[in-house]
2 protein chains.
Amino acid sequence: MALMTIGKLSGATAVKVTTIRYYESIGLLDEPQRSASGQRLYAGDSVERLRFIRHARDLGFPVSAVRELISLQVEPGRECVLVDQIARRQLDEVRRRLTQLEALEAELKRMIRACEGGKIGSCSVLAALGQHENCLHEQHDGAEVLAGLPSKGA
Amino acid sequence: MALMTIGKLSGATAVKVTTIRYYESIGLLDEPQRSASGQRLYAGDSVERLRFIRHARDLGFPVSAVRELISLQVEPGRECVLVDQIARRQLDEVRRRLTQLEALEAELKRMIRACEGGKIGSCSVLAALGQHENCLHEQHDGAEVLAGLPSKGA
DNA sequence: CTTGCCCCTCTAGTTACTGTAGACTGCAGG
DNA sequence: CCTGCAGTCTACAGTAACTAGAGGGGCAAG
């Protein structure tokens with residue numbers, strides 16, 4: 001395939017133009033050739049590279065992990081174990097988040113259910129959020145799971 | 001209850017001092033009284049307010065939603081429907097993320113399984129990342145979910 | 001008085017982008 | 001040839017939701 005501008009690459013990969021430039025700026029993508037007037041010109045393999053990055057990101061790998069994966073990709077074979085480790089780490093992370101979200105789902109459902117039956121003078125959702133002490137019923141286990149939430153608390 | 005400094009409030013709610021000031025700066029918390037020397041002095045109800053905020057945030061409500069909830073809390077009762085809507089929206093969001101994460105989990109498991117049996121020549125994880133097409137799309141939301149990950153635990 | 005923790009403001013950094021400003025390029029129509 | 005417009009360039013600012021640090025002042029005890 002002939003060289004393409006950043007717009008074409010964007011179209012081919014569904015990655016936004018600005019994001020492509022961003023990836024270049026943080027070193028995920030090599031600097032491409034430039035036209036005489038300074039426009040970026042990409043070869044066909046850029047599409048694969050970019051898809052790789054995008055797919056890894058969609059899988060939840062942080063950029064730092066993507067960087068690792070790329071570097072391992074360059075010298076393949078022997079390092080498969082490392083790649084496996086990175087993937088496993090990511091899987092653990094995904095599972096951790098799954099557990100948290102399931103707890104959140106349960107708590108939200110409970111809140112909403114309470115609100116539905118709400119002849120209660122004050123909304124149960126707000127009550128549940130206020131919680132601590134004088135709540136309608138004994139309190140859930142959700143909060144404990146939430147205690148370890150990654151949302152930058154703790 | 002006597003007035004307390006920001007440190008006490010932080011201790012009582014497990015919300016960091018800097019975060020409390022941050023919440024004040026974005027209008028989630030009212031500006032408290034100040035001592036003669038300029039230190040913030042909080043009344044007892046600040047504890048409840050702050051716990052409410054923190055709990056809502058832990059449940060994944062964005063700050064904008066928390067703001068809404070607070071405003072509804074001020075004039076309670078009649079607005080229960082609105083509160084319910086916000087909670088439902090949040091529940092939908094949580095479910096969406098759950099679905100996405102489940103797909104991620106499946107794909108990661110598949111990748112790792114392939115890698116285990118894998119010969120050295122071609123790591124299947126990298127191969128799996130290279131091929132696109134069959135998987136998740138919706139890149140923006142993916143990134144959103146992933147943003148705010150611990151990255152310390154890893 | 002000094003130690004040491006607490007508090008103050010302000011700024012900048014984090015992650016992974018997205019959006020904007022202001023200027024230039026490349027190409028088609030009239 | 002001119003005009004118009006989409007596409008591209010750089011550079012900076014903004015987003016979410018905080019966190020961390022600099023550089024200073026306050027306050028009670030030893």
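The chains referred to below are lettered A, B, ... by the order of the sequence lines, with proteins before strands, and numbering in each begins at 1.
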Keeping the roles fixed (side chain from A:Thr19, backbone from A:Val15), state whether a donor-acceptor pair exists under 3.5 Å. no
Winner on side-chain proximity to B:Tyr22, out of D:dT10, D:dT8, D:dT19, is D:dT19
Polar side chain donor-acceptor pair, A:Arg54 to A:Tyr23, under 3.5 angstrom: yes
By nearest atom, which of the nucleotides D:dC18, C:dT18, C:dC8 is closest to the B:Arg40 side chain? C:dC8
Categorize B:Arg21 for me: base, sugar-phosphate, or nothing, with a 4.0 angstrom heavy-atom threshold over every strand shown. base
Which residue lies more 5' along DNA chain C, comparing A:Ala36 with A:Thr18 via nearest heavy atoms: A:Thr18
Measure from CD1 on A:Ile6 to P on D:dG7 and round the result to the nearest Å. 13 Å
Taking A:Arg96 for the side chain and A:Leu91 for the main chain, is one N or O donor matched with an acceptor at less than 3.5 Å? no
For A:Ile26 and C:dA16, give me the distance from atom CD1 to atom P, rounded to whole Å. 8 Å
Check whether any side-chain N or O of A:Arg51 sits under 3.5 Å from a backbone N or O of A:Ala12 as a donor-acceptor pair, and report yes or no. yes
For A:Lys16 and C:dT18, give me the distance from atom NZ to atom P, rounded to whole Å. 4 Å
Rounded distance (Å) that lies between atom C1' of C:dC17 and atom CG of A:Leu50: 14 Å
If I take atom CZ in residue A:Arg34 and atom P in nucleotide D:dG7, what distance separates them, rounded to the nearest angstrom? 19 Å
Counting heavy atoms from C-beta on, name the nucleotide in D:dT19, C:dT18, C:dC7 closest to the side chain of B:Thr19. D:dT19
How many Å lie between CD1 on A:Ile20 and C1' on C:dA16, as a whole number? 15 Å
When you measure from the side chain of B:Gln90 to the backbone N and O of B:Gly60, does any donor-acceptor pair fall under 3.5 Å? yes
Give B:Ser35 one of three labels, base, sugar-phosphate or nothing, depending on what nucleic acid heavy atoms sit under 4.0 Å from its own. nothing
For the side chain of B:Tyr23, starting at C-beta, report the closest nucleotide among C:dC17, D:dC18, D:dT10. D:dC18
Using the side-chain heavy atoms of A:Val63, tell me which of these nucleotides is nearest: C:dC17, C:dC7, C:dT25. C:dC17
